[in-house]
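Residue numbering restarts at 1 for every chain, and letters A, B, ... go by the order of the sequence lines.
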Protein chains: 2
Amino acid sequence: MYFCVNKYLMTRSEENYIKTIFHLGRKGTQEVATNAIAELMETKPSSVTDMIKRLSEKDLVNYKRYQGVSLTALGNKTALGIIRKHRLWEVFLVEKLDFSWDEVHEVAEQLEHIKSDKLIDSLDRLLAFPKFDPHGDPIPDKNGGFKERDRELLSEVAINTGGVCVGVKDSSATFLKFLDKNGIALGNQIKVMEIEEFDGSLNIEIDGRKMQISHVIASNLYIKAKDEI
Amino acid sequence: MYFCVNKYLMTRSEENYIKTIFHLGRKGTQEVATNAIAELMETKPSSVTDMIKRLSEKDLVNYKRYQGVSLTALGNKTALGIIRKHRLWEVFLVEKLDFSWDEVHEVAEQLEHIKSDKLIDSLDRLLAFPKFDPHGDPIPDKNGGFKERDRELLSEVAINTGGVCVGVKDSSATFLKFLDKNGIALGNQIKVMEIEEFDGSLNIEIDGRKMQISHVIASNLYIKAKDEI
DNA sequence: ACAAATTTTTAGATTTGCCTAAAATTTAAT
DNA sequence: ATTAAATTTTAGGCAAATCTAAAAATTTGT
């Protein structure tokens with residue numbers, strides 16, 4: 001395969017930049033700003049500029065001075081490969097090693113850089129080709145293809161509707177632990193009963209149990225909207 | 001834990017040096033030579049000297065100029081930790097991902113550097129606390145303890161004796177593939193029928209089947225000597 | 001024992017990836 | 001539109017890990 005030449009020469013640091021640029025590029029459609037990359041990676045803008053030049057020479061990003069950066073087709077494919085590995089390892093950690101969903105990220109950040117096609121394809125098979133990671137995010141297939149699940153934020157749905165909880169927007173350990181503590185997990189049936197006008201907090205029914213959650217919580221939970229309950 | 005402070009600051013390169021010094025130190029009881037390290041790691045003696053100095057400052061090795069190098073107690077513990085990880089990952093690759101025993105080394109070389117105590121202990125549990133890796137080498141426990149199995153080289157046993165094949169001395173892909181091709185695997189019952197005076201080759205019976213192997217092959221196969229057959 | 005060969009170390013350079021400080025460019029504000 | 005503010009890049013430096021070439025120490029051979 002053609003792209004392998006490139007993939008196998010990439011350093012850990014280069015891979016992390018590519019991944020960050022990919023994630024930032026998803027949000028806005030525009031070019032990604034140097035400062036944004038630096039902030040997310042907890043490094044300095046000057047370091048980012050350095051790296052961007054190197055990535056540009058390897059044809060992983062499109063770069064024009066002062067104009068921000070975007071991934072090339074090759075960069076995009078590379079990013080999806082790394083994300084595939086990250087998310088498959090997350091599934092492995094939860095399914096096979098009993099990690100909780102707030103513990104997987106740190107270790108997956110290391111495992112995602114292991115280089116072996118056979119390893120990741122075998123892992124995929126061991127896990128029975130999962131389509132989503134423990135936070136509900138889609139796992140790209142071998143060729144980088146994946147489809148975003150049809151979902152919406154709980155904060156956006158109308159009263160008396162709901163669906164199955166299928167993902168989180170914020171997957172920080174803090175938020176995930178909060179959800180654990182309150183018995184909220186992927187797969188739960190959630191129905192919005194009432195929305196408080198004053199602060200936007202929601203009265204919901206989750207797997208039959210009634211509880212109240214703030215607007216912030218609701219705006220970080222995805223549900224698969226399919227039917228009125 | 002005290003040693004963790006050190007462990008978590010180690011670079012991949014430092015870990016590889018420690019591992020190499022450990023392996024070389026096993027063979028001879030003496031100090032390990034700079035040149036020997038350089039050769040095994042495919043690097044230059046001057047690079048080795050540089051690194052040894054750094055390791056010495058971190059109290060991982062004992063070092064006196066021109067006098068070779070040996071691991072400190074801390075260095076030894078560190079080495080055993082890395083070897084534990086390497087061998088557990090090898091078991092994982094064979095048992096769970098259907099790798100063959102000649103394919104595991106390269107990937108395990110990468111996986112052994114992943115830093116997470118929880119990860120490795122969970123992996124240990126998933127694999128049901130294996131005591132030996134796919135080549136028959138012992139896996140250190142959490143505290144670095146392990147016992148060498150009571151075994152001997154097939155080339156050393158007397159005619160009409162034998163035992164179960166429990167390990168290989170040379171675990172290069174070349175040798176392992178040769179064994180596969182000839183249907184020799186760990187667990188086989190092997191009995192020495194005759195030893196050729198001329199070239200030292202052996203007529204053996206392996207799981208009931210008769211075959212002839214060279215002295216070189218026999219001197220790279222370990223059997224658990226327990227009983228005459 | 002002493003010269004020759006080998007091994008080991010030093011010295012100085014290179015690459016990667018990061019830093020700080022200062023200069024260049026773009027964007028925002030009045 | 002021009003200045004002020006923010007962003008981005010350049011320039012120069014640093015640490016890790018490597019290299020080559022040359023110097024120092026040890027070992028070996030006779």
Is a donor-acceptor pair below 3.5 Å formed from side chain S46(B) to base dT8(C), judging by atom type as modelled?
no

Are the aromatic ring centres of F92(A) and F92(B) under 6.0 angstrom apart?
yes

On DNA chain C, more 5' by nearest nucleotide between M51(A) and Y66(A) is M51(A)

Between NZ of K53(A) and C1' of dT15(C) the distance, given in whole Å, is 16 Å

OP1, OP2 of dC18(C) versus side-chain N and O of T43(A): anything below 4.0 Å? no

Taken to the nearest whole Å, CD/E14(A) to P/dT15(C) is 15 Å

DNA chain D: first to last nucleotide in contact with chain B (atom under 4.0 angstrom from a heavy atom), 5' to 3', is dA16(D) to dT26(D)

Does a nitrogen or oxygen in the side chain of K44(A) sit under 4.0 Å from OP1 or OP2 of dG17(C)? no

Rounded to whole Å, the CZ-C1' distance (R54(A) to dT16(C)) equals 6 Å

Of T43(B), D50(B), T49(B), the one forming a side chain to side chain contact (heavy atoms under 4.5 Å, CB included) with S47(B) is T43(B)

**Message:** Can you confirm whether D199(A) is buried at CG, in the sense that more than 12 heavy atoms of other residues, nucleotides or ligands lie under 6.0 Å from that atom?
**Reply:** yes

With salt bridge (Lys or Arg N to Asp or Glu O under 4.0 Å) as the criterion, how do D98(A) and R125(B) come out once you've worked through the C-alpha distance, each side chain's angles and the decisive distance to 0.1 Å? CA-CA 11 Å; D98(A) 298 317; R125(B) 180 160 29 80; 3.8 Å; yes

D50(B) CG to dT9(C) P, in whole Å, measures 10 Å

From CD1 of I52(B) across to C1' of dT8(C) the rounded distance in Å is 10 Å

So does T49(B) get a side-chain nitrogen or oxygen closer than 4.0 Å to the phosphate oxygens (OP1/OP2) of dT9(C)?
-> yes

In whole angstroms, the gap separating C1' of dC18(C) from OH of Y17(A) amounts to 8 Å

message: Using ring centroids (six-membered ring only for Trp), state whether H135(A) and H105(A) fall under 6.0 Å.
response: no

When rounded to whole Å, the CG to P distance for the pair N35(A) and dT27(C) reads 13 Å

Within the structure shown, what part of the strands sits under 4.0 Å from S47(B) by heavy-atom distance: base, sugar-phosphate, or nothing?
base

Here the gap from I213(B) atom CD1 to S201(B) atom OG, rounded to the nearest 0.5 Å, amounts to 9.0 Å

Exercise. Any side-chain N or O of T34(B) less than 4.0 Å from the OP1 or OP2 oxygen of dT9(C)?
Worked result: yes

Between NZ of K58(A) and C1' of dT16(C) the distance, given in whole Å, is 10 Å

message: Counting neighbours of CD on E109(B) that are heavy atoms of other residues, nucleotides or ligands and sit closer than 6.0 Å, is the number greater than 12?
response: yes

